[in-house]
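Note that the coordinates shown come from a computational prediction; the quantities given were computed from them, not determined experimentally. Just so we're on the same page: letters track the sequence lines, and every chain starts at 1.
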Protein chains: 2
Amino acid sequence: MGETVGKRVESVTSHDVAAKAGVSQATVARVFSAPDKVAANTQRRVREAAEAMGYVPNAIARSLKSQRTHIVGAVVPADGEYWQSVLSAFSRALAERGEQLLLFSFDDAEHVSDALDSVEQYRLDGLVLASSTIGQEHLVRMRGSGLSVVAFNQPAAGGLVNSVSVDDEAGTSDLARHLLAQGINSAAFVGGVADASTDRSRYRGAATTLAEAGIALPYIEAGAYTYDAGYKAATHILEANDRPDAVMVASDEVAFGLHDGLRSGGIEAPHDILITGFDGLPQAAWAGYDLTTLVQPVRVLVDEAIAIISNSDTHEGEQVRVATGTIRHGRTTRRGIDDHHLSKREDRP
Amino acid sequence: MGETVGKRVESVTSHDVAAKAGVSQATVARVFSAPDKVAANTQRRVREAAEAMGYVPNAIARSLKSQRTHIVGAVVPADGEYWQSVLSAFSRALAERGEQLLLFSFDDAEHVSDALDSVEQYRLDGLVLASSTIGQEHLVRMRGSGLSVVAFNQPAAGGLVNSVSVDDEAGTSDLARHLLAQGINSAAFVGGVADASTDRSRYRGAATTLAEAGIALPYIEAGAYTYDAGYKAATHILEANDRPDAVMVASDEVAFGLHDGLRSGGIEAPHDILITGFDGLPQAAWAGYDLTTLVQPVRVLVDEAIAIISNSDTHEGEQVRVATGTIRHGRTTRRGIDDHHLSKREDRP
DNA sequence: GGTCGCGGTGCGTACGTATTCATTCGTTGT
DNA sequence: ACAACGAATGAATACGTACGCACCGCGACC
């Protein structure tokens, strides 16, 4: 183990390269930031020297000088399948544009504040705030910090900061219409957290549309946007006197739990009950679920968010983009194998 | 320079605060980086001025001076449930230590190189390389760049760079013993990508242990570590002349697909076949699967990785940590539902 | 042929902070 | 009471790069 003689890997700078190539530091800097301003001949000499010395431009110093970090921050909940897919999409989209992604994920609302403290110190080019559990006081604070902020799927943030979100209300409205087309006569709604703005919007879209058909939509709160919460919420359906024809769930992950919870109680979809989700997670396509759900146009939302961030002269609170999702038609609402019309089914053991 | 009187949302620096508080810039800097070196009285004045002006220390400048960014990079595949859980764990662990996480995720191997280019420019405190699809040439290159690198679950990297990984061989060996205890007489192994080092290790552990009991272990390659690949691989089992008693799968996500693929072919676990996975994903605990799997001690691995990175004087290639997982006993290997006595809670059609 | 224009390069400086060194002042030891 | 000392602070500098400005040489235009 004698190849490296001490910690001698230190910091070869543009000055070092300049000396070796026989040019000035400024020229070296230009080679790597504005190549068209340097003669081809000189450029080749510099690049050779840089290569030989293992020179790599220092992005930190560059950022300090240029006041642009090329880093976008993302504050995202640590848990939840949906947020992970959003994060993945952001990472991809930013990489394509040569931007880096600084990740702040948090368990509970407590840590959000700590994360935002750090956010301010790094002079990021932009900041994406995901999760509807971020309080308004944080939004206001970030707005004042001078960087361009965009709230992701947090409808309530509209007017405070830029925001992009899926059209929750239109989404559940579409799903409700789809259920009506299947001939349902009753339904229930399973939400995650009742006072989340997305939860309210999604319920409203469903309830309004069903009301037009004269169908009431009782609300059941699972308590969290998790599989377990959905599994437990199934008992509310199982123990009800008259079982609804369909259950609309506020998120796919909760829907998976509900699906399995109902099955453990002997209720199968779509035979005994119809189920719809929301989000369009990859798992919704898994054969084990094959869930009918509203697929969020994540890529569109992400691109919009990045566009807003890049366009730095957008005044805060002005941009409010809403994208509409599309229905994925899965097994869980596929009627007709053994019953063409809906009626209360008591023929199950 | 003079006092700029007017609307200045941008850049309130330590100099500005110093002027307002009637102290020098050095004192302001000390208040925020070494508070115990400043008199309480002065400190209060400075903090008040800073608060009033909305001063926030500039982490970029700090990093340039101190040569430490407090940012750790992570190169992680964009897809795959397992990697997302690892990422989540890293994010949490780093946040607790006041470090930030710069995320580089990639779709295919092409983009890895681009990502690593960026990695070098930001002078990160450390770098985590996840995914076994990172070529050795990249490892060597990173090793030479002077930052402390640690390979995550990439056994083949041992000796080249620091590495932490789960004990694949011991894991599948344990699972195999568990299966033997269930009385199996035949088995098959479904891998993801045949030439991945983790795939080979996991197969070896299973095959060796089963061989001791006189059981051969044919290898089936799913082609990828995805649900769909597992679903398709099920056909190999379904079409086989004599169906094995058990299938050991190299990853949970593939196991889920296999499970559902077998079910669609009328083969149910554990009634007709036993299934084991590997990784210990949250979904393995979902009632729909309840998969027997080897739970990776992700938190331990992550902590080890961070410890190696923090301990900057560890020479590359010296640290090779291996952690052993624990078996999660799920439904998919629970023999006796139909063989022996069992309290049937519900009948399956 | 002189001046204008322009591509190409060097010099100097600024980005905002951390830290070394020197200086001042109040305190303690004998 | 005087010297020695430590705590507190200010002045100056360095971290590595980008960019404005000045400068130089050379072809073009009138």
Under the criterion side chain to side chain contact (heavy atoms under 4.5 Å, CB included), I'd like the reasoning laid out for B:Val166 against B:Val298: C-alpha separation, chi angles, the key distance, then a yes or no. CA-CA 8 Å; B:Val166 70; B:Val298 174; over 6 Å; no
Is any side-chain nitrogen or oxygen of [X] closer than 4.0 Å to OP1 or OP2 of [N]?
{"X": "B:Ser14", "N": "C:dT17", "value": "yes"}
{"X": "B:Tyr55", "N": "C:dT17", "value": "yes"}
{"X": "A:Gln121", "N": "C:dT17", "value": "no"}

Just how far, in rounded Å, is [atom2] of [N] from [atom1] of [X]?
{"X": "A:Ile60", "N": "C:dT17", "atom1": "CD1", "atom2": "C1'", "result": "13 Å"}
{"X": "B:Asn41", "N": "D:dA8", "atom1": "CG", "atom2": "C1'", "result": "12 Å"}
{"X": "A:His15", "N": "D:dA18", "atom1": "NE2", "atom2": "P", "result": "12 Å"}
{"X": "B:Asp16", "N": "C:dG16", "atom1": "CG", "atom2": "P", "result": "9 Å"}
{"X": "A:Asp36", "N": "C:dG8", "atom1": "CG", "atom2": "P", "result": "9 Å"}
{"X": "B:Lys37", "N": "D:dA8", "atom1": "NZ", "atom2": "C1'", "result": "10 Å"}
{"X": "B:Arg62", "N": "C:dA18", "atom1": "CZ", "atom2": "C1'", "result": "9 Å"}

Output the distance between atom [atom1] ([X]) and atom [atom2] ([Y]), rounded to the nearest 0.5 Å.
{"X": "B:Asp117", "Y": "B:Phe104", "atom1": "CG", "atom2": "CZ", "value": "10.0 Å"}
{"X": "A:Leu103", "Y": "B:Leu94", "atom1": "CG", "atom2": "CG", "value": "9.5 Å"}
{"X": "B:Glu51", "Y": "B:Met53", "atom1": "CD", "atom2": "CE", "value": "12.5 Å"}

Dump every N/O contact between nucleotides 24-27 of chain D and the protein below 3.5 Å, one line per pair.
none

When you get a sec, tell me which of [options] is the closest nucleotide to the side chain of [X]?
{"X": "A:Ser11", "options": "C:dG16, C:dT9, D:dG16", "value": "D:dG16"}
{"X": "A:Arg30", "options": "C:dT9, D:dT17, C:dT17", "value": "C:dT9"}
{"X": "B:Ala39", "options": "C:dT9, D:dT17, D:dT9", "value": "D:dT9"}

Would a 4.5 Å heavy-atom cut-off, applied to side chains only, mark B:Gln84 and A:Trp83 as touching? no
So what does B:Thr27 hit on the nucleic acid, given a heavy-atom distance under 4.0 Å: a base, only sugar-phosphate, or nothing? sugar-phosphate
Does A:Thr13 reach a base, just sugar-phosphate, or nothing at all? Heavy atoms under 4.0 Å. sugar-phosphate
Assuming nearest nucleotide by heavy-atom distance, tell me which of B:Val23 and B:Leu64 is located more 5' along DNA chain D. B:Val23
Mapping B:Ala40 and A:Val56 to their closest nucleotides on DNA chain D, which lands nearer the 5' end? B:Ala40
On a heavy-atom basis, the closest approach of B:Pro35 and B:Gln43 is O-NE2, 3.0 Å
Start with the C-alpha distance between A:Ser63 and A:Thr69, add both sets of side-chain angles, then the distance that settles side chain to side chain donor-acceptor pair (under 3.5 Å), and finish with yes or no. CA-CA 5 Å; A:Ser63 296; A:Thr69 54; 5.5 Å; no
Run the numbers on B:His70 and B:Glu99 for side chain to side chain donor-acceptor pair (under 3.5 Å), then give the verdict. CA-CA 5 Å; B:His70 292 284; B:Glu99 300 272 320; 3.2 Å; yes
Tell me if a side-chain donor or acceptor on A:Ser33 pairs with a main-chain N or O of A:Ala29 at a distance below 3.5 Å. yes
Hey, does the side chain of B:Ser66 reach the backbone of B:Arg62 with a donor-acceptor pair shorter than 3.5 angstrom? yes
Close N/O contacts between protein and nucleotides 12-14 of chain D (under 3.5 Å):
residue	atom	partner	partner atom	Å
D:dA14	N3	B:Lys65	NZ	3.1

Any residue in residues 42-51 of chain A with a heavy atom nearer than 4.0 angstrom to DNA chain D? Just list them by number, or reply none. none
For B:Tyr82 together with B:Tyr225, are the ring centres under 6.0 Å from each other? no
Under 3.5 Å donor-acceptor pair, A:Arg123 side-chain atoms to C:dG16 base atoms: no
Is it possible for you to check whether A:Arg47 lies under 6.0 Å from the centre of the six-membered ring of A:Tyr55, through NZ or CZ, and within 45° of that ring's axis? no
Can you tell me if A:Arg321 has over 12 outside heavy atoms packed within less than 6.0 Å of its CZ? no
